[in-house]
Amino acid sequence: AQKITQTQPGMFVQEKEAVTLDCTYDTSDQSYGLFWYKQPSSGEMIFLIYQGSYDEQNATEGRYSLNFQKARKSANLVISASQLGDSAMYFCAMSSLSGSARQLTFGSGTQLTVLP
Amino acid sequence: NAGVTQTPKFRVLKTGQSMTLLCAQDMNHEYMYWYRQDPGMGLRLIHYSVGEGTTAKGEVPDGYNVSRLKKQNFLLGLESAAPSQTSVYFCASSYSLGWLYNEQFFGPGTRLTVL
């Protein structure tokens, strides 16, 4: 079974600074995918970034980058130049093949607050 | 495109009542999912569907039933609501791409309270 662990229930960062949100995972699969989603206070889930287990380079999407360390089974999200609008809950998730579906297993989330 | 929509947005039920949550997507996605989100626990998969007419159980299926009669719709039913089913329910859909990349598109959620 897959498991995602996010050990930081809450994080604070000063506006314009960088912040790293931790995510570790546990799987026996050789191939898997890792995702980060953002959930603002309005409640919707917003896809941010994806990393495949065989991707050699870390994924980047604008101010978001994924620090993927396969041997340590970690997939940390790095947000550069934080903005007030980045204040939200952030979820790490892993894709797995279960039955015939492509299921996502989510972590418990990290609440990020950006301070002005 | 409306993406993924959910009806209703809010609902209050009494214990023992039944209700159906509707999810609709206009992206022609094969896969659809129902999750529940409880405080401090992230999202947990209730049921999912890999195509019209097919459904399967997820991590927490007890007390729920689903149906996918049309490709664009995925219904979640509560036959006899219990206070433990108070939660925020999210529907999601995805393409049937290579299995590693499975970006799921989420609906806005339904906040359900069972008294």
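Below, chains carry the letters A, B, ... as their sequence lines are ordered, and counting in each starts from 1. Because the structure is a prediction, the values reported are computed rather than measured. Side chains are part of it too, since the values below use all heavy atoms of this structure and drop only hydrogens, waters and symmetry mates.
The hydrophobic clustering, which links ILVMFWY residues whose side-chain heavy atoms are closer than 4.5 Å, places A/Tyr64 and A/Val114 together. Taking hydrophobic clusters as Ile, Leu, Val, Met, Phe, Trp and Tyr residues chained together by side-chain heavy-atom distances below 4.5 Å, A/Val13 shares a cluster with A/Leu66. Residue A/Leu48 is grouped with residue A/Ile79 when hydrophobic side chains (ILVMFWY) are merged at heavy-atom distances under 4.5 angstrom, including chains of intermediate members.
Residues A/Met45 and B/Phe90 approach most closely at CG-CE2, 4.3 Å, considering heavy atoms.
With a threshold of 4.5 angstrom between heavy atoms, A/Gln39 approaches chain B through side-chain atoms but not through N, CA, C or O. Interface residue B/Gln37: only side-chain heavy atoms are found under 4.5 Å from chain A. Contacts of B/Leu45 with chain A are made by side-chain atoms alone, with heavy-atom separations under 4.5 Å and no backbone atom involved.
A 6.0 Å sphere centred on NZ of B/Lys9 holds no more than 12 heavy atoms belonging to other residues, nucleotides or ligands. Surrounding CZ of B/Arg44 are more than 12 heavy atoms belonging to other residues, nucleotides or ligands, all under 6.0 Å away.
Atom CZ of residue A/Phe47 and atom CZ of residue B/Phe106 lie 11.0 Å apart, to the nearest 0.5 angstrom. B/Tyr33 contributes atom OH, which lies 6.5 Å from atom CG of A/Leu104 (distance to the nearest 0.5 angstrom).
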